[in-house]
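In the text below, chain A, chain B and the rest are named by the order of the sequence lines, each starting its count at 1.
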Amino acid sequence: MATAIPLFASFKYTDSLTVVGISFCTALVCKAISWILIYRTSSYKSLKSSIDKASRKLETMKTDNPSSKLTNKKSKTKKIDRVESSLKESSRDLSLFKFKSGAVVALVLFVVFGLLNSLFEGKVVAKLPFHPVTIVRKMSHRGLKGDDSTDCSMAFLYLLCSISIRTNLQKFLGFSPPRGAAGAGGLFPMPDPKTN
Amino acid sequence: MRESKSAKLNQLQQQQQDNHQNVHLSPSKLAKLFDPDASWDKDQLGDVLHWIRQVVGLICGLLWGSIPLVGGIWIILFLAISSGIVYGYYAMILKVDEEDFGGHAALLQEGLFASLTLFLLAWILVYSLAHF
């Protein structure tokens, strides 16, 4: 028993697990802060509800029977414009509301990144199974010595952890921004920066 | 006026029924995932496609890190495989009209970036821990 080797002692890149673990815990802490400052407030709930309603109304109005008289079309277009501007206003208010509370979360992330940087500066935390392109290599080989482009720095691994864990956590907990809000559900749906 | 009122009442009753079903009947939810006649909300379909991509990303990352498969070409192949699975699901199993949901681009991009990062994370971790 005295000679038993701890489970991960034989792995060369156990630092990667530390980075993932810290990233996961940070994501949970950020979500908790966001929930306290944003998601449980009545302002957020009412804004989200109005955005959802406006989006649905807009979709219904846009998909209604287009073959109508000119006067009806004009009044319908006016109604659509009114709903769209109301949707934009609510989205803007939501963004502003989240922005104010997001500063605390941003501070936590800044501190954690600084801590990780001091712990793993110059260390290879993982090995990439591919040679990254130049633009990615600047992040993946950040602060590392040598020319081996498959050496992975903490910054790149932390970035991957942040995006994947926080996006999915946000989705799982139901805190994703409504699809009707500006920027929601785009090609690169980063975790909402104002809450994370 | 009367027709729109009764339509609204029907809609409200349907919503209440759906909420009741959502809370109590998970087998019907599972059945809905493979039912081409089921009606889909844009948000619901988007969420399902998102999670399908995450599962595919995780499985591919774990698998390719274990074998191991090495090289940037496997990233392209992962994107092709996961997009193919998502397309096959909504076009052939669910048979939804993509125009009702914003077109192929809108459906194919659901969860794309998150799944790519999850795939890379799983692939890198398994490869680093299992082969060094």
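Heavy atoms from other residues, nucleotides or ligands lying under 6.0 Å from CZ of R137(A) number more than 12. Residue-environment remark: CD (E121(A)) stays at or below the threshold of 12 foreign heavy atoms within 6.0 Å. The neighbour count for D81(A) CG, taken as heavy atoms of other residues, nucleotides or ligands under 6.0 Å away, is above 12. Summarising the local packing, CZ of F132(B) is surrounded by more than 12 heavy atoms from other residues, nucleotides or ligands at distances under 6.0 Å. Annotation: F101(B), atom CZ; neighbour count of heavy atoms from other residues, nucleotides and ligands within 6.0 Å is above 12.
In this structure, T150(A) OG1 and Y127(B) OH are separated by 6.5 Å, a value rounded to the nearest 0.5 Å. Taking CZ of F113(B) as the start and OG of S164(A) as the end, the distance is 10.0 Å to the nearest 0.5 Å. Separation of atoms CD (Q54(B)) and OG1 (T167(A)) is listed at 8.0 Å; rounding is to 0.5 Å. Going from atom CG of D43(B) over to atom CG of D52(A) covers 6.5 Å, rounded to the nearest 0.5 Å.
Taken together through direct or relayed side-chain contacts under 4.5 Å among Ile, Leu, Val, Met, Phe, Trp and Tyr, L118(B) and I165(A) form parts of separate hydrophobic clusters. In the hydrophobic cluster analysis, where Ile, Leu, Val, Met, Phe, Trp and Tyr join through side-chain heavy atoms closer than 4.5 angstrom, F110(A) is grouped apart from L115(A). Tracing side-chain contacts under 4.5 Å through hydrophobic residues (I, L, V, M, F, W, Y), one never reaches I33(A) starting from L107(A); they form parts of separate clusters. The cluster map of Ile, Leu, Val, Met, Phe, Trp and Tyr, joined by side-chain heavy atoms under 4.5 Å apart, puts V126(B) and Y13(A) in different clusters.
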ask   = Between L121(B) and I163(A), is a side chain to side chain contact (heavy atoms under 4.5 Å, CB included) present by the stated rule, with each step listed?
value = CA-CA 10 Å; L121(B) 183 65; I163(A) 296 169; over 6 Å; no
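Neither the backbone nor the side chain of V133(A) comes within contact range of chain B; no heavy atom of the residue lies under 4.5 Å from a heavy atom of that chain. Only the side chain of I75(B) comes within contact range of chain A, judged by heavy atoms closer than 4.5 Å. Proximity to chain A is limited to the side chain of W51(B), based on heavy atoms less than 4.5 angstrom apart.
L129(B) has its side chain within reach of L17(A): a pair of non-hydrogen atoms, C-beta onward, lies under 4.5 Å apart. Residues R56(A) and D41(B) have side chains in contact (heavy-atom distance under 4.5 Å, counting atoms from C-beta outward).
Proximity of a side-chain donor or acceptor of S128(B) to a complementary backbone N or O of K127(A) within less than 3.5 Å is detected.
Chain A forms more heavy-atom pairs under 4.5 Å with one residue of L120(B), L116(B), L125(B), I124(B) than with any other, namely I124(B).
Relative orientation of the W123(B) and F130(A) rings is parallel, given thresholds of 30° and 60° on the angle between their planes.
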